[in-house]
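Down below is the structure, laid out as structure tokens.
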Amino acid sequence: MSETALKAPGAAAPSGDANRWKALVFIALAQLMVVLDATIVNIALPSAQVDLGISDGNRQWVVTAYALAFGGLLLFGGRIADLWGRKRAFVLGLAGFAAASALGGAATTGAMMFGARALQGVFGALLAPAALSLLAVMFTDAKERAKAFGIYGAIAGGGGAVGLILGGFLTEYLDWRWTFFVNVPFAVVAAAGAYFVVREPEGGRNRSPLDVPGVILSTLGLVSLVYGFTRAESDGWGDAVTVSMFVASGVLLLAFALVESRVKAPLLPLRVVTDRNRGGIYLSLGLAIIGMFGLFLFLTYYLQVVKGYSPVKTGFAFLPMVVGMITGSTQIGTRLMTRIPARFLMGPGFLVAALGMLLLTQLEIDSSYGALLLPAMVLLGLGMGTAFMPAMSLATQGVEPRDAGVASAMVNTSQQVGGAIGTALLNTIAASATTSYIKDHIAGATAKPQAELVKLQGMVHGYTSAIWFAVGILALASLIAFTFVNAGRPGGTTVASGEGVEDELPVPVVAH
């Protein structure tokens, strides 16, 4: 047995990890930057579109170029982190992300902006799995791991809402370009800190030859899947290109699975995803993100278009959700994770979030923020924060160090693909319901103010119709967590040692 594995829960970590809490600060800062970027640019998009002369038809590429590169290359990025070392991949990912952000802020044409966003996605795909896998290999003590992943989970869950606040401030009081430039100091501080304080355990690299067919098939398959959902949102589900993208994705990902089951050194070892607990976590997290991403979109438009909030006021309106996520993750999840099985945090967490979503199905044009939106956001935040925290930890727990990068990449992949599906699916449902409502009610609106009122009512009706679907999706995520995630207390798990094998602690072991 290794020295690390012999430590009982609550014992001091090895002296080589003395800087692990300092390292967490810089890893969390990098994660915040990546999560912020997913929403901060959305606030700035209308201003950037006008300045750069981007057409309505092409503006989606500001979001899509990033999503395609990020979602398509995550598995490859995770494998590179395992091969090169997570610290090296982390610092390189930060440097590249900062350079791409500076390029985006300095963009003078639409094409330059699209290229910068794609580059951000490339380096984000290297950075995100490296950050999560560093936590996985640095924090092996059960109680410390709970605290570390509590902080990480709060940032992963709440960072998007913080991005709305920061994006609103920067766009309203400075310039849309600062939503890109702000990443540079984040990245410089995180990279410098990581370079000096991160000490990656020895012997955890996967030096096997790179699985080139797996890289090509997984990247093309994921890009096709993400683009298919993005295309469905703008061109409809029956569009020939949309359908062909889904067919191509299915064929490519099936071929990828067949290749991975046969090659000696697979890009994604099937043992990572066929484990009952990890498979359940990837699936339930992906479903939860589907519901959450659609909600961010709807509430942003509801608050700004229907209620007339400014970008800054809209951002602050999301604060209760952020506070709820931080509380759920660091206070509820962290305190209970070493005492009860993960499914008793994840399942109820998703149900509490579904209850918050259920409240939002009562949205109307004149709904009170304090009476309806505030309690709904608090419940959503508490539920998602409580569920995210054990999910993030358990998804990488018990994984051999050589697989930590790809296991972490799968967490990010389920979130990224879930976000693309959620935005396209729920937006399509909302748009269809809005169109149907307006068609049925516009005939009776003779005056212009009446017609405008019907349009707003139709918009809100579309949102609530889609939110009903989100309630069902969160309930399904809860059911999957209860059914698949059968691990015992995370405090009684196997802990991966630095030599690439798993050594058992003298306490109950996770059931697989």
Side-chain angles (χ1 to χ4, degrees), residues 31 35 67 70-79 81-82 125 128-133 135-136 149 152-153 156-157 214 218-219 221-222 225-226 229 249-250 253-254 256-257 260-261 266-293 333 341-343 345-347 349-350 353 384 386-400 403-422 425 473-487 490 493 510-512:
Q31 173 65 12
V35 177
F70 190 59
L73 292 171
L74 270 166
L75 284 176
F76 183 43
R79 177 67 181 85
D82 286 338
L132 185 54
S133 57
L135 283 192
F149 276 90
Y152 188 89
S218 68
T219 301
L222 288 170
L225 183 64
V226 173
F229 277 104
S249 173
L253 292 176
L254 180 60
F256 171 66
E260 298 307 275
S261 67
L267 172 70
L268 176 62
L270 295 183
R271 61 181 175 268
V272 171
V273 290
T274 53
D275 174 87
R276 176 174 177 163
N277 288 288
R278 281 193 288 274
I281 283 168
Y282 297 146
L283 189 55
S284 60
L285 266 185
L287 285 168
I289 293 294
I290 288 175
M292 288 299 289
F293 260 65
R343 67 179 180 273
L345 288 172
M346 291 179 63
F350 289 137
M384 294 300 278
T386 301
F388 266 47
M389 190 266 150
M392 290 284 187
S393 177
L394 203 61
T396 54
Q397 194 157 302
V399 177
E400 297 179 20
D403 295 334
V406 290
S408 302
M410 275 302 299
V411 176
N412 287 288
T413 300
S414 67
Q415 290 178 303
Q416 188 63 27
V417 172
I421 294 171
L425 179 64
I473 290 168
L474 282 171
L476 180 59
S478 175
L479 180 63
I480 289 169
F482 273 123
T483 306
F484 284 86
V485 182
N486 66 345
T493 64
V510 169
H512 289 295

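Keep in mind it's a predicted model, so treat the numbers as computed, not measured.
- Between F484 and I281 the shortest side-chain heavy-atom distance does not fall below 4.5 Å.
- Taken from OG in S284 to CG in L474, the straight-line distance is 10.5 Å, to the nearest 0.5 Å.
- Of all non-hydrogen atoms in L74 and P129, the two that sit nearest each other are CD2-CD, 3.8 Å.
- The heavy-atom pair separating L267 from S218 by the smallest distance is CD2-OG, 3.3 Å.
- Applying the ring pair (Phe, Tyr, Trp, His ring centres under 6.0 Å) rule to F350 yields no partners; only residues at least two apart in sequence or on another chain are considered.
- No donor-acceptor distance shorter than 3.5 angstrom exists from the side chain of R343 to the backbone of A481, with no hydrogens or angles considered.
- When all heavy atoms of G418 and I290 are compared, the closest pair comes out as O-CG1, 3.2 Å.
- Of all the heavy atoms in R278 and V272, the pair that sits closest is NE-O, 2.9 Å.
- In this structure F229 satisfies the ring pair (Phe, Tyr, Trp, His ring centres under 6.0 Å) test together with W237, F246, sequence neighbours excluded.
- Two residues are said to be in side-chain contact when any heavy atoms from C-beta on lie closer than 4.5 Å; S261 and L270 meet this criterion.
- In terms of heavy atoms, L268 sits closest to E260 at N-OE1, 2.8 Å.
- The CG atom of L75 lies 7.5 Å from the OG1 atom of T219; values are rounded to the nearest 0.5 Å.
- The minimum heavy-atom distance linking A342 with V485 is given by the pair CB-CG1, 4.2 Å.
- Distance check: L253 CG to L222 CG gives 5.5 Å after rounding to the nearest 0.5 Å.
- A distance-only check finds a donor-acceptor pair linking the side chain of N277 to the backbone of N486 [under 3.5 Å].
- Considering only heavy atoms from C-beta on, F70 stays 4.5 Å or farther from V226 through its side chain.
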